[in-house]
Amino acid sequence: MKVVDYLSKLEYNQFKVEEWVKSFWERESVYKLVKAKSATSTRKFYFLDGPPYASAKSIHPGTAWNKVVKDIVLRYHRMAGYNVWDKPGYDTHGLPIEVKIEQSLGLQVKKDIYEKVGVEKFIEYCKAFVDENMEAMTRQFKEIGVFMDWENPYVTYTNDYIEAGWWLVKRAHERRLLYRGYKVLHWCPRCETTLADYEVSEYRELEDPSIYVKLPVRGRSGEYLLIWTTTPWTLPANTFVMAHPDLDYVRVRVGGEVYILAEARLEHVMREAGVKDYVVLERFKGRDLEGLEYDHPLEDLVDAQRELRRYHRVILAAEAVSPHEGTGLVHSAPGHGTIDYEIAVRNGIPVVSLVDEVGRMTEGAGRYKGLYFRTEANKAIVEDLRSRGALFHESTVVHRYPVCWRCKTPLVLRATNQWFIAVTKLKDELVREAERVEWRPTWAKTRFLNILQELRDWVISRQRFWGIPLPIWVCRSCSYTHVVGSVRELEELGGYRPRDLHRPWIDEVKLKCPKCGGVMERVPDVLDVWFDSGVAFYASLGYPMRRDLYESLEPADFIVEGHDQIRGWFFSLLRSGVIGFNKTPYRRVLVHGFMLDELGREMHKSLGNYVDFEELISRVPRDVVRFWLSLNTTWEDIRFSWKALEQVQRDFTVIWNTFVFASTYMGLDSFDPEVVTIESVKDSLEVEDRWLLSRVNKLVKAYREAMEDLRIHDAARALRSFILDDVSRFYIRLVRRRVWEEADTPGKRAAYATLYKALKTWLALAAPIIPFTTEYLYQHFVKPAEANAPSSVHLLDMPVAEEQLIDEELEQDMEIARAFIEAALSARASAGLKLRRPVRRVIIAAVDEKASKAVRRLSDVIAEMVNAKTVEVVGMDFFEELKVYRLEPNMGEIGRDYKRLTPEIVKLLEARGGEIAGELLAKGYYEVELGGVRVRLEPRHVEVKVEYPEWLSVKKIDYGVVAVDTRITVEEEAEGYAREVVRRVQHMRKEMKLNIEDKIEVWIWGDVEIVEAVKLFEGYVRNETRAVKLNYEKPEEKVYTREWDIEDKVVSIGIRRA
RNA sequence: GGGCCCGUAGCUCAGCCUGGUGGAGCGCCCGGCUGAUAACCGGGAGGUCGGGGGUUCGAAUCCCCCCGGGCCCA
């Protein structure tokens, strides 16, 4: 079949192109075809989608980027012959969604959920909300061309998924990793739930008291340990004081009292307290303080202190004490501090927490009972300390304080009973498995391993509703605890399958205790939402209910997410993989960056710098967005910019024009790529054809290497520079004249075969990155010309490089030729010679044999691009001989040295410039006698300028020297005019909207010189303009006529369709 | 305070791993082209390669320190 020129008939509009492709895909079920083809491959490629969080209807542009990266990799692997697993996922549980529902229902506190709506309704609201969001998100992902299995996503709230989650809890239990513990954790007093380390992600600048408290040393009247705190509400739970063993401490007398604190803090503390007179009595090491006992200043007001007073002493703890903050003595409330807790446990000291789940002080706080911790309790406690004279100094401080990531309520650290998985026991295994993973870029691995160093046990329980219910039942009678791993196990223990595995339905399932026969009830907690996505690698495949799929696909061959997920999902996956299967669930990881605003800040709706996805794709075509994203180094952040997008859009115009060019001429000449193959024209290939074939095969090689190595940006950049630089800006310009020939010459066929091959190959390579544009061009350019071509560009096989067509030497030679072309064009420009006007000769002297060979080999290419009749290759001596030295006198220097002789010296320089310059260059000076005086001219007296004759415009480059002979004969002048006339006729043809193949008749009259020039080049003019006849007179009838001004010569041209 | 990343032309970014006279696009100025044309091509101006120190014959590139920004943590 033959190329049919559809493209040049169309008005280019990238939006319309994409709309057309969208409905084409729909109409032809292209995704299904692509998937079916991929399924026939035997090499598996298990891609695991990091599930986006379904908490909003509009995706963040960064989420779009994320999916585009995934789509590119998936499309590439399908075309490269992999059986690709492409199930997308949605993360659907968790506090953020609960909070949104609470807000929409106007609920203030947790108990409102029970009392105002009921848990059942609440869960239904959550589910409906998520369903709507998923639908909207899916539509948007499809909108930017993401080919994934949208009809079968994995959704974390389904019963199957929940059951799969239970399996891992059971597995942890079997491995003796599951335990219940009393631990200090961040707690949100509004959401009434504990938060994991990684959920403590938001901080606010808040004002708190900053107080120095005097703790009386037991048995030493008037002597105090000085501590500093910004959390007075923790003082009722004070249990001990920590000191650094190696730090220097001092006893200091201020007035009648003695204080103990670190020497390093002394000056600072005294200055802050405004104390000028103090005397250091003694200096000693912190370790000497060990065991020193003290009394609590509020002991009588706080019930809990009756028990705690026996622990009030100094304990050594280097890790808890900083010489840069406080007093070097740290007040410790193990129930409200992480390090405090650890040290208490290590020393066998009890952990007391005096704040309840809504942030109020408990019974044990005695007088402070019922007061809200950060506000009321702080105030009351500071007042009491002040009235008792227990404050050394008080002020306030504004510092970063953690707040709830969802509701922004300031958090409280409190000890509670929670369920944990002892991942610290798995540290070595985790490190070992992380080492086995391939990380792109490699620094992601460093970061990951660093994170593993800070490993803590995993708190999996949350006191909430919308999540996977914790599958733990406890016997009411004997406290026996059973972990349920599946619904079947539930039934085996006397339970049943509720209609939904969420709360509240699951809460009603009671089991029979296997130990005592009593009634077992479920622990009311749900699982940390990070648990959900962490099990995706097997849960999304239906494991453990069905095993075959997981067993045939694992491990995941590829995952990719933003760099925030190194600590997030990449970690939680690995953690679950090691807990469940003792190995990493993924093999290769790619990290992508963040989408920032134009100033490099994060994009947030609240900052007003947010670009809505819908707005984005309504203003910018999808492929333009995709290409822009792809050109950015994947793992680096990208700054959003409308302007950058506009620039990329311009590249698309050039790409379009390139295909229009090919389509136009191939269509005109009925080029048949199935008949005129590269093989069939191989004896007619010109040097530029062989060059392009080499280039395109090198592109295939570089592109595939980049994609295999997950360097998408390198692949995208290679594609861009090939189509823009090699094809559009070089090859096409070069072959235009060959293509314009009317006759069906072997040379033209060779150019078509070459260009067709290059463009078709490029389409296949670019298809994963810009799927819309490539599909459109394929359907309108390739498919009509090849009956047996697949029905979509996405069904093509990824091209394989034909190594034998790669000609390194030719490519290098072309590089050299291009450098000379550039230089010659520059030389033309500086001589003021328009490119339209041919020059007689271009003279090139190459610097070495290699360059010289390149020029000789490619002299035709150079001549064509520079519009020169001939290219002469000469030796360097050619230019040496033509060199003219001109001396410019440096009047200041000459005048100072030779005063009155100056005018004569200047005259001499003019007369004998060449000779003087020669000697100056050779010897460094020139001596002469002038009027009886010895004149010695040195370089400082003159400036030596190298010049060439006027008719030669010279340019020097690394490879050598190029010169344009600017002398023009009468004939060349005439040819120049003929070209000017041709250009104007073409312009008029265009104005008349003539087709390229239409013949015309031309009349030309006016300036004699120009008319004569046209006569001289009549054949050329007729051929270029497709004129059947030229008349050198005014036409008798009325034809389309214009008057032109060519370099101040006036001429009229008339045209009529013949 | 810690780990990792980034800092190169007015702007956006390549180059750095594997040291050898600094690149592209945009913008600006000048010129050209007009049978791919709401395009395109050429030329020019424009750089303390964040700062300092070290290694080296030679550092944007390797090492150390510092400054600024980002991410993740404390």
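What's counted below: heavy atoms across the whole structure, side chains too, no hydrogens, waters or symmetry copies. Chain naming here is simple, since letters A, B, ... match the order of the sequence lines and numbering starts at 1 in each.
- Nucleic acid contact for T658(A): base, since at least one base atom lies under 4.0 Å from a heavy atom of the residue.
- Nucleotides rC49(B) and rU21(B), compared at atom C1', are 14 Å apart to the nearest Å.
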CA sep, side-chain torsions, deciding dist, call: D744(A), K748(A), salt bridge (charged side-chain N to carboxylate O under 4.0 Å, His left out): CA-CA 7 Å; D744(A) 182 15; K748(A) 189 161 77 175; 5.5 Å; no
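- Take the nearest nucleotide of RNA chain B for R447(A) and for I732(A): the residue whose nucleotide is more 5' is I732(A).
- Nearest nucleotide to the side chain of S826(A), out of rC72(B), rC26(B), rG43(B): rG43(B).
- Computed from coordinates, the L645(A) CG to rU12(B) C1' distance equals 12 Å when rounded to whole Å.
- Considering only side-chain atoms of R639(A), the nucleotide from rC13(B), rG25(B), rC40(B) that sits closest is rC13(B).
- Of the candidates rA36(B), rC72(B), rC5(B), the closest approach to any side-chain atom of W443(A) belongs to rC5(B).
- With rC73(B), rC4(B), rA36(B) as the candidates, the nucleotide lying closest to the side chain of R567(A) is rC73(B).
- Taking atom P in both rC6(B) and rC64(B), one finds a spacing of 14 Å when rounded to whole Å.
- Remark: R440(A) engages D709(A) in a salt bridge, criterion side-chain N to carboxylate O under 4.0 Å.
- Distance from the side chain of D564(A) is smallest for rC71(B) among the nucleotides rG70(B), rC73(B), rC71(B).
- Heavy atoms of R989(A) sit nowhere under 4.0 angstrom from any nucleic acid atom.
- Judged by Watson-Crick or G-U wobble contacts below 3.5 Å, the nucleotide rU34(B) has no partner.
- Base-pair partner of rA59(B): not found among the strands shown (Watson-Crick or G-U wobble, both distances under 3.5 Å).
- Take the nearest nucleotide of RNA chain B for N1023(A) and for E11(A): the residue whose nucleotide is more 5' is N1023(A).
- Contact annotation: Y12(A) side-chain N/O to rA36(B) OP1/OP2 distance is not under 4.0 Å.
- One interatomic measurement links the two molecules: CD of Q565(A) to P of rC72(B), which rounds to 10 Å at whole-angstrom precision.
- Of the candidates rG25(B), rC41(B), rC26(B), the closest approach to any side-chain atom of R729(A) belongs to rC41(B).
- Counting non-hydrogen atoms of other residues, nucleotides and ligands closer than 6.0 Å to OH of Y1020(A) gives a total above 12.
- In this entry the distance linking NZ of K445(A) with C1' of rC72(B) reads 19 Å, nearest Å.
- F448(A) pairs with exactly one of W443(A), F570(A), W439(A) by the ring pair (Phe, Tyr, Trp, His ring centres under 6.0 Å) rule, that one being W439(A).
- The base-pairing partner of rC4(B), taking Watson-Crick or G-U wobble contacts with both distances under 3.5 Å, is rG70(B).
- If you take atom P in rC63(B) and the same atom in rU18(B), they sit 9 Å apart, rounded to whole Å.
- Side-chain proximity of K955(A) to rU34(B), rG43(B), rA39(B): nearest is rG43(B).
- Using a 4.0 Å heavy-atom distance criterion, Q453(A) is classed as making no nucleic acid contact.
- A tilted orientation is assigned to the rings of F820(A) and Y959(A), their planes being inclined by 30° to 60°.
- As judged by a 4.0 angstrom heavy-atom cut-off over every strand, E646(A) is placed among residues making no nucleic acid contact.
- Taking the six-membered ring where the residue is Trp, F652(A) and F627(A) present perpendicular rings, their angle passing 60° and hence far from 30°.
- Candidate nucleotides rA14(B), rG43(B), rU34(B) were compared by shortest atom distance to the side chain of H987(A), and rU34(B) ranks first.
- Rounded to a whole angstrom, the distance from the P atom of rG22(B) to that of rG32(B) is 33 Å.
- Taking atom P on both rG2(B) and rC62(B), the two are 23 Å apart, rounded to the nearest angstrom.
- The two atoms that bring R1026(A) and I996(A) nearest to each other are CD-O, 3.3 Å, heavy atoms only.
- A straight line from CG of L455(A) to C1' of rC72(B) spans 16 Å, rounded to a whole angstrom.
- In this structure, the CD1 atom of I655(A) is 18 Å from the P atom of rA36(B), given to the nearest Å.
- Dashed line: the shortest gap from a side-chain N or O of K643(A) to OP1 or OP2 of rC13(B) is not under 4.0 Å.
- Counting any heavy atom pair closer than 4.0 Å across all strands shown, T633(A) reaches sugar-phosphate atoms only and no base atom.
- Using C1' as the reference atom, rC67(B) and rG51(B) are 7 Å apart when rounded to the nearest Å.
- If you measure from atom CG of N657(A) to atom C1' of rC41(B), you get 14 Å, rounded to the nearest angstrom.
- Nucleotides rG54(B) and rU61(B) place their C1' atoms 15 Å apart, quoted to the nearest Å.
- For E454(A), counting side-chain heavy atoms from C-beta on, the closest listed nucleotide (rC73(B), rC26(B), rC71(B)) is rC73(B).
- You won't find any donor-acceptor pair under 3.5 Å spanning the side chain of S8(A) and the base of rA36(B), going by distance alone.
- Residue R733(A) places no side-chain atom within donor-acceptor reach of the base of rC41(B), judged by atom type and a 3.5 Å distance cut-off alone.
- Base pairing of rU12(B): its partner is rA24(B), meeting the Watson-Crick or G-U wobble criterion (both donor-acceptor distances under 3.5 Å).
- E822(A) places its CD atom 13 Å from the C1' atom of rG23(B), with the value rounded to the nearest Å.
- Distance, E636(A) CD to rU12(B) C1': 13 Å, rounded to whole Å.
- Going from the P atom of rC30(B) to that of rA45(B) covers 15 Å, rounded to whole Å.
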Going through the checks in order, is the salt bridge (charged side-chain N to carboxylate O under 4.0 Å, His left out) test met by R619(A) and E646(A)? CA-CA 10 Å; R619(A) 281 177 64 176; E646(A) 250 170 59; over 6 Å; no
